[in-house]
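Numbers here are sequence positions counted from 1. We count ligands from 1, going down the list as the structure has it; atoms in each ligand are counted the same way.
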Amino acid sequence: HSVGIIGAPFSKGQPRDGVEKGPDLIRAAGLVEKLKAQGCAVRDYGNVTFEEVANDEPIGNVKRPRAVGSANQRLSAAVHTVKNDGHTCVMLGGDHSLAIGSIQGHAAAKKDLSVVWVDAHADINTPLTSPTGNIHGQPMSYLIHELQSKIPVLPNFSWIKPCVSAKDIVYIGLRDVDPEEHHILKLLGIKVYSMTEVDRLGIAKVMEETCDYIFSKVKKPIHLSYDIDALDPSISPATGTPVVGGLTYREGIYITEHISQTGLLSAVDMVEVNPKRGRTDDEISSTVNAAVDLIRGCFGKLREGNHPADYKMP
Ligand code: DIR
Ligand code: MN
Ligand code: MN
Ligand code: MN
């Protein structure tokens with residue numbers, strides 16, 4: 001695997017600071033070294049720098065639209081570059097509003113994508129349905145073709161071009177969905193494996209069906225957007241909006257192993273790691289290490305073990 005890493009130390013898609021520390025913490029836990037040790041070629045493109053935006057007053061109840069729009073425009077360009085350089089892109093967040101720029105930049109390089117969104121939340125509120133005004137609960141709404149008539153004009157958002165079809169999206173792990181979001185999911189017929197389906201089917205069947213669904217017509221590149229709060233808070237407590245009853249560590253890893261073996265993984269987001277939400281060092285390291293392990297699973301690490309193709313026994 002050839003991996004390009006981009007850090008996006010950005011937190012203004014939600015109200016809690018600390019999530020901007022995610023990229024450097026995930027690196028400090030040895031991400032690059034561990035990927036290299038499992039045989040990946042890795043280029044770290046460093047962190048995107050974001051402009052300070054003065055007077056970023058809410059538009060309706062949408063908070064900090066100018067900062068979020070501008071940050072995502074820069075991230076989008078960075079992801080586009082990584083994809084044009086031929087790597088699978090790993091975007092380290094930062095909050096989940098960054099999926100706007102990550103998916104947009106990916107789509108600019110790879111026309112037709114499927115999106116696998118692993119999260120406790122659907123993040124599909126529109127600016128008008130959002131109960132909180134936090135843009136990290138809205139990124140999908142800006143990207144889906146079918147929702148564009150429902151998206152009002154926002155400052156620094158005009159560069160966004162909807163680039164994903166409702167039929168090319170699968171959600172896994174949902175358990176905290178607003179009524180307005182639930183309506184949108186049903187209206188657009190979006191495929192959802194909530195925690196109820198994970199319980200009913202088991203994660204192996206969920207992943208088999210996920211891949212049958214996204215590959216039913218053509219084999220499109222996969223954008224995996226992984227919110228660390230998809231995992232149960234007993235594993236990843238250091239995150240802004242933890243929700244009980246989440247994926248086990250094993251289910252979380254299984255998702256990455258299965259996506260990896262498709263050979264079509266083209267970009268990964270790992271978002272919402274927030275050390276300031278951990279109450280102890282153990283809570284922080286458990287969360288960060290889970291993020292590292294999920295990324296390793298995306299690039300071929302198997303729990304059965306691995307060995308290089310050219311290995312010669314001494
Ligand atoms: C809620 C919470 N649905 C919102 N969303 C979160 O603000 O729109 N997303 N926490 O990660
Ligand atoms: Mn999210
Ligand atoms: Mn979430
Ligand atoms: Mn599959």
(request) Using a 4.0 Å heavy-atom cut-off, say whether Gln138 meets ligand 1 through its side chain, its backbone, both or neither. (result) neither

(request) Of all the heavy-atom pairs spanning Val48 and Arg74, show the shortest one and how long it is. (result) CG1-CB, 3.9 Å

(message) For atom 7 (O) of ligand 1, what is the closest protein heavy atom, and at what distance to 0.1 Å?
(response) Thr132 OG1, 2.6 Å

(message) Less than 4.0 Å is my threshold; does some heavy atom of His96 fall inside it relative to ligand 1?
(response) no

(request) Considering just N/O/S atoms, say which atom of His96 is closest to the Mn ion (ligand 2). (result) ND1

(request) Using only N, O or S atoms, tell me which atom of Asp229 is closest to the Mn ion (ligand 3). (result) OD2

(request) Determine, for Arg43 against Asp85, whether the closest basic-nitrogen to carboxylate-oxygen distance falls under 4.0 angstrom. (result) yes

(request) Please check if any side-chain donor atom of His1 sits under 3.5 Å from a side-chain acceptor atom of Gln38, or the reverse. (result) no

(message) Closer than 2.8 Å to the Mn ion (ligand 3): does that hold for any N, O or S atom in Asp176?
(response) no

(request) Could you list which atoms of ligand 1 come closer than 4.0 Å to a heavy atom of Glu181? (result) 3 (N)

(message) Among all protein heavy atoms in this structure, tell me which lies nearest to atom 3 (N) of ligand 1, with the distance rounded to 0.1 Å.
(response) Asp178 OD2, 2.7 Å

(request) Take atom CG of Asp199 as the centre, draw a 6.0 Å sphere, and report whether it contains more than 12 heavy atoms from other residues, nucleotides or ligands. (result) yes

(request) For Gln14 and ligand 1, answer yes if some heavy atom of the residue is under 4.0 Å from a ligand atom, otherwise no. (result) no

(request) Using a cut-off of strictly less than 2.8 Å, determine whether His136 has an N/O/S atom near the Mn ion (ligand 3). (result) no

(request) Check all N, O or S atoms of His121 and name the one closest to the Mn ion (ligand 3). (result) ND1

(message) Restricting to N, O or S, what is the name of the atom of Asp123 that lies nearest the Mn ion (ligand 2)?
(response) OD2

(message) Is it the case that the ring center of Phe157 lies less than 6.0 angstrom away from the ring center of Tyr142?
(response) yes

(request) Determine whether the side chain, the backbone, both or neither of Asp123 has a heavy atom under 4.0 Å from any heavy atom of ligand 1. (result) side chain

(message) Using a 3.5 Å cut-off on N or O atoms only, is Thr241 in polar contact with ligand 1?
(response) yes

(message) Just to be sure I read this right, does ligand 1 sit under 4.0 Å from the backbone of Val177, its side chain, both, or neither, counting only heavy atoms?
(response) neither

(request) Please determine if Glu197 and Arg200 form a salt bridge, counting it only when a charged side-chain N lies under 4.0 Å from a carboxylate O. (result) yes

(request) Please calculate the OD2(Asp227)-the Mn ion (ligand 2)-OD2(Asp119) angle and round it to 10 degrees. (result) 90°

